[in-house]
Each structure stands twice: as structure tokens, then as C-alpha cells.
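Because the structure is a prediction, the values reported are computed rather than measured.
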Amino acid sequence: MNTMIWDEALVQKYNVKGPRYTSYPTALLLRSGYSSQKALQALRQSGPALSLYLHLPFCRQLCYYCGCNKVISRDQSKADRYLQYLQQEMAFYQQATQHQQVTQLHLGGGTPTFLDESQLRLMMQNLRQYFHFSPDAVLSIEIDPRSCDLKKLALLRELGFSRVSFGVQDFDAKVQQSINREQSFELVQELVLGAKILGYQSINLDLVYGLPYQHTDSFADTLEQVIRLNPDRISLFSYAHLPDRFAAQRKIPTEALPDGHEKLALLALSVDTLQQAGYLAIGMDHFAKADDSLAIAQQQGVLQRNFQGYTTDNADALLGLGVSAISQVGTEIWQHQKDLNQYYRDLDDKGNSIDKGMSLSRDDLIRADLIASLMCNFRLDTAAFANSWQLDFQQYFASSLQQLAECEKDQLLRWQEDVLTVTELGRPWVRVIAACFDAYLLSGAERYSKVI
């Protein structure tokens, strides 16, 4: 990566708050009072390919950095109750999805492997009862290594899972202690090797930069250990420090956090190290081997981005199940109740847990398409885009183009006739560039994390 990205002036100027753009409009813009009938109608009218996301919120231990929707508990029976309510939710959506086949299933959390063997079997039995799975459906799961062993990995493989993502974050002991997530390299190594022996088709490792006490020397050691494990993919996420929103983050000493310049140095180190090891940079925070489906999708210009990040998933509808889960189907986005007890009450009282949502306008769809192109491909052919949407690009995005002028001046992007390209220098700041096209960002920007 070009060392110019270490320029302190760029950090001072562009390290502002902004969305991650896993959707547009972002989930923070969803509003209460959304009709569940709109959601069902959208599913009925959508195409035949259905992608499922299932949120399992339980964790046995609190990780201080985590901003996910989770419930800390060591009571295994709590998952029994949750699975019963999930079954009610599946029944609510069943009729509207009867014409569809599930092509992808992703389990996230929380810690999906909080579930024991009988609970995992019951959950998959229920899913296959209420939804039609394609014979070649791709099943993936996020795993906290501390909650899994080789026996559970074998069970998941038996249940049809072929992709697995292990949460590593950092192998440095001091960093792990500061975020209350201690796990050894040897533990992760055993699981990664076990997954390879069991025939998992894709193994991903999650890393986070910007955590307390991280510095380039220690993170270089973590990167070396990750490369030694030889995963198919690596996700490299920026830690979003939002203690006002996430109480656990208040346990992290602010003075121990790397500043914007230090975080950029960690990012530059990671990109250089992983690329030298043969991984291709995918979008802004993923890396994959050249023969991985993510890399192939990027090369073919068909890479997608949704609430789970970068993906090859091109299903017609994304349906989220469980507490806080988000769905996007056609012009509709909706989210389930975030509070677990209220989630249960809603299912008891009205048969569904839909809490917020919105219907997308034509302008929303246009800007979503444009922002996704920038986030996935770092490139936009404005002439082709204008033709696709039947609009005058210069006129439609006049104010956005004015905002882009400063980014162009700082060499974060360049124009070649009608083609806008995010430069190598500009890639860490792609969220800033995308934000120039965000019609909603003028209000509420303070609710997001900084881009670096």
C-alpha cells in the first residue's frame, strides 16, 4: 500500500464519522411502525433465491470491544426457549417464502456455537421444516474458538455447514486481556487444522485493528501467525469505539487505544503483509486467496455487500431471523426487536417481532446501487450507470460531485472521462467518498464510528 496514506494531514482531514455502508439507507434510519404485511408482501413478490441470516445472541463471556446484539449467560436452557420462539418466527414467514429455495444460510451472533449438539440439530431440523433448501445451499457459521471443539466442528459439517469463520481479533496476550477475550494460538490452530481435515470448503479468520495496546510490532506477530494458519479468507475490521452506545466498551481504557494515525499504520501494515503473503484485497476490509469465490467475484465485477459485509450472495431476498436480525427484500428493509424479552413478548402478542423498517424510494435504490459499486469495486462507470437508471448523472448528483472535488484534489480518486476510480491512496477513505452520495448523512452523522 502506498505509504502516502500515513500522511497526518489526510488523517486529520478525513478521519470523520460515517457509515460502514453494509446497506443504504443504513439500519440507523429504520423507523418504528413498519407494517409486517409489507414484509410478507415483499417476500411473496421476490424471486426464487432466498438467503437466510439467523441471529443467535448468547455468549458465555462478555468481550468488551463487541458492539453486537448479545446476551451474556451460562444457562444453556435459555437457548431452548429462544429456539422455541425462533420456530414461531419461521412459521410466520413460511407461507410467504414457499416459492423460494434457500441458497445461503449464515449463522451469526452472539456466539452460534453457544448451542449444544441437541440444540444445533433441532435448529437445523426446524429450518429445513419451514424453508425449502436448495441441494447445493451454502451454509456458513461464525465461531468463537472458546465455544467450540473438534467434535462440534464435525457435527456442524454433518449438518451441512461448509464455511466457517473463527473470531481471532488479535493473538497478543495483553490485547486479549484488555478486551476480556483470552484464547491461545494453539486453540485456534487446532480448530483450523480440524476444519481442513473435515473438508470445510472455506475457512475465514476475523481480525480487528484499533484495539487497546495494539501496535505495529505486536500486530505484525499476529499477522505472521494468521498467515501460518493459511486460511482461505481474512476479515480485517476497524474497531469502532462507541462507549455511549455500548456499555461494555467503557471498560476499555481510552488512553490505550491507538489514535487515527496509529490505526492507519496498523491498516497499512496489514494490507502490505497480507498481499505479500498472496492474499488479494477485497473491498475495504476483506482478503482472500486468488482462487477464492470472493476474489473471483471481485474480478468479475459481481461482488456484493450486505449486512454481513462482502459476499458472493446474489439471492433475490435476504431474510433475517431472530432478535435484532435485519432483512432486505426488494424495496423493503426491516429489523426485528433488539431487546430479547421484548422480542419474546412481541411474538406472543402479535406473532412476529418486526420492530422497525422502511420502504426504499427510487432515489434510495439509485444511491444504494452507486454506493455498493464504490464499496465493492472502487470504481464507477458513470455513463453506464446513468444509462442503467435513465438519468443525467451530472445533474442528478450535482451536489455530490461538488463534495467529491476535495477528494479528487487530495488524490483519493481520479476521473478518466466518465469513469470514477478510487485510488490506492483513497481506498482506506472509501467510506468518505461514498458518503458524498449519501442523501441522509447531513443529519445523524455523530451516531456512526470514525472511518479509520
Exercise. So, Q337 and S324: side-chain donor and acceptor under 3.5 Å apart, yes or no?
Worked result: no

Exercise. Taking S270 for the side chain and L266 for the main chain, is one N or O donor matched with an acceptor at less than 3.5 Å?
Worked result: yes

For this session: Please tell me if the side chains of V422 and I433 come closer than 4.5 Å, counting only heavy atoms from C-beta onward.
Result: yes

Exercise. Does one side chain, of E89 or Y343, offer a donor that lies under 3.5 Å from an acceptor on the other?
Worked result: yes

For this session: Count the heavy atoms of every other residue, nucleotide or ligand shown that sit under 6.0 Å from NZ of K251, and state whether that count exceeds 12.
Result: no

Exercise. Is it the case that more than 12 heavy atoms not belonging to K174 sit under 6.0 Å from its NZ atom?
Worked result: no

For this session: Would you give the length of the straight line joining atom CG of L43 to atom CG of D316, rounded to the nearest 0.5 angstrom?
Result: 11.0 Å

Problem set entry | Side-chain H-bond candidate by donor/acceptor type, S235 with N204, under 3.5 Å | yes

Exercise. Without hydrogens or angle criteria, can the side chains of Y85 and D348 be said to hold a donor-acceptor pair below 3.5 Å?
Worked result: yes

Exercise. Which pair of heavy atoms, one from S162 and one from V138, lies closest together, and at what distance?
Worked result: OG-CG1, 4.1 Å

For this session: Could you tell me whether K263 sits above the aromatic face of Y209, with NZ or CZ closer than 6.0 angstrom to the six-membered ring centre and within 45 degrees of the axis?
Result: yes

Problem set entry | Pair D170-Q214, side-chain donor/acceptor within less than 3.5 Å | yes

For this session: Please round to the nearest 0.5 Å and tell me the distance separating atom CG of N180 and atom SG of C63.
Result: 6.5 Å

Problem set entry | Distance flag, aromatic centroids of H215 and Y213, threshold under 6.0 Å | no

Exercise. Run the side-chain contact (heavy atoms from CB on, under 4.5 Å) check on V188 and F185 step by step: do they pass?
Worked result: CA-CA 5 Å; V188 178; F185 171 79; 5.7 Å; no

Problem set entry | Worked verdict on Y24 versus Y440 for ring pair (Phe, Tyr, Trp, His ring centres under 6.0 Å) | CA-CA 10 Å; Y24 179 88; Y440 296 96; 5.8 Å; yes

For this session: With the side chain counted from C-beta on, respond yes when K78 and F58 share a heavy-atom pair under 4.5 Å apart, and no when they do not.
Result: yes

Problem set entry | Inter-residue atom distance T111.OG1 - Q61.CD, 0.5 Å rounding | 10.0 Å

For this session: Under the salt bridge (Lys or Arg N to Asp or Glu O under 4.0 Å) rule, collect the residues that match up with D144, sequence neighbours excluded.
Result: R146, R181

For this session: Please determine which of I141, I197, L191 meets the side-chain contact (heavy atoms from CB on, under 4.5 Å) test together with L153.
Result: L191

Problem set entry | Donor on one side chain, acceptor on other, D75 and S73, under 3.5 Å | no

Exercise. Residues two or more places apart in sequence or in another chain: which of them pass salt bridge (Lys or Arg N to Asp or Glu O under 4.0 Å) with E117?
Worked result: R121

Seminar exercise, completed: Scanning both residues in full, the closest heavy-atom pair of L360 with P25 reads CD2-CD, 3.3 Å

Exercise. Is a side-chain donor-acceptor pair under 3.5 Å present for D364 with S361?
Worked result: yes

Exercise. Does the salt bridge (charged side-chain N to carboxylate O under 4.0 Å, His left out) test come out yes or no for R367 and D363, once each step is laid out?
Worked result: CA-CA 6 Å; R367 292 175 186 274; D363 180 67; 3.0 Å; yes

Exercise. For T113 and K152, does a side-chain donor sit closer than 3.5 Å to a side-chain acceptor?
Worked result: no

Problem set entry | Contact check, side chains of S359 and Y34, non-hydrogen atoms, under 4.5 Å | yes

Exercise. Salt bridge (charged side-chain N to carboxylate O under 4.0 Å, His left out) between D292 and R233: does it pass, once the steps are laid out?
Worked result: CA-CA 8 Å; D292 186 89; R233 299 177 182 177; 2.8 Å; yes

For this session: Any chance you could lay out the side-chain contact (heavy atoms from CB on, under 4.5 Å) test for E406 and K13, step after step, and finish with the verdict?
Result: CA-CA 11 Å; E406 196 69 19; K13 186 173 183 177; 2.6 Å; yes

Seminar exercise, completed: The reported gap from OH in Y65 to CD1 in I252 (rounded to nearest 0.5 angstrom) is 9.5 Å

Problem set entry | Pairwise side-chain contact, I179 with P212, heavy-atom cut-off 4.5 Å (strictly under) | yes

Problem set entry | Sequence-distant partners of R163, salt bridge (Lys or Arg N to Asp or Glu O under 4.0 Å), two or more places apart | none

For this session: Specify the closest pair of heavy atoms between A39 and I354, including all atoms of both residues, with the distance to one decimal.
Result: CB-CD1, 3.8 Å

Exercise. For residues 294-309, which residue pairs qualify under salt bridge (charged side-chain N to carboxylate O under 4.0 Å, His left out), counting only residues two or more places apart or in two chains?
Worked result: none

Exercise. Can you tell me how far the OG atom of S327 sits from the CZ atom of F307, to the nearest 0.5 Å?
Worked result: 8.5 Å

Problem set entry | side-chain contact (heavy atoms from CB on, under 4.5 Å) evaluation trace for I234 with L223 | CA-CA 10 Å; I234 297 164; L223 291 168; over 6 Å; no

Problem set entry | Close side-chain approach of Q183 to Q176, heavy-atom, < 4.5 Å | yes

Exercise. Looking only at heavy atoms, what is the nearest atom pair of R157 and G199, with distance?
Worked result: NH2-O, 3.2 Å

Problem set entry | Within-4.5 Å side-chain heavy-atom neighbours: Q342 and R345 | yes

Problem set entry | Min side-chain heavy-atom separation L340-Y344 under 4.5 Å | yes

Exercise. Out of curiosity, F378 CZ to L420 CG, how far, rounded to the nearest 0.5 Å?
Worked result: 12.5 Å

For this session: For Q299 and A290, work out which heavy atoms get closest and say how close.
Result: NE2-O, 4.3 Å

Exercise. Under 4.5 Å between any side-chain heavy atoms of H286 and L294, yes or no?
Worked result: yes

For this session: Would you check if there is a donor-acceptor pair between the side chains of D206 and Q169 at a distance under 3.5 Å?
Result: no

Seminar exercise, completed: In terms of heavy-atom contacts, G301 and N377 come closest through CA-OD1, 4.1 Å

For this session: Start with the C-alpha distance between L54 and M123, add both sets of side-chain angles, then the distance that settles side-chain contact (heavy atoms from CB on, under 4.5 Å), and finish with yes or no.
Result: CA-CA 10 Å; L54 197 155; M123 178 193 67; 4.3 Å; yes

Problem set entry | Residue among I326, D355, V323 satisfying side-chain contact (heavy atoms from CB on, under 4.5 Å) with Q335 | I326

Problem set entry | Side-chain donor-acceptor contact under 3.5 Å, S353 with D346 | no

Exercise. Side chain of Q119, backbone of D116: donor and acceptor closer than 3.5 Å?
Worked result: yes

Could you list the donor-acceptor pairs under 3.5 angstrom formed by side chains in residues 225-232, with sequence neighbours left out?
{"from": "R228", "atom 1": "NH2", "to": "E224", "atom 2": "OE1", "distance (Å)": "3.1"}
{"from": "N230", "atom 1": "OD1", "to": "K289", "atom 2": "NZ", "distance (Å)": "2.9"}
{"from": "D232", "atom 1": "OD2", "to": "I203", "atom 2": "N", "distance (Å)": "2.8"}

For this session: Check the surroundings of atom NZ in K70: do more than 12 heavy atoms from other residues, nucleotides or ligands lie under 6.0 Å from it?
Result: yes

Exercise. Taking only residues two or more places apart in sequence or in another chain, which ones pass side-chain contact (heavy atoms from CB on, under 4.5 Å) with L193?
Worked result: Q189

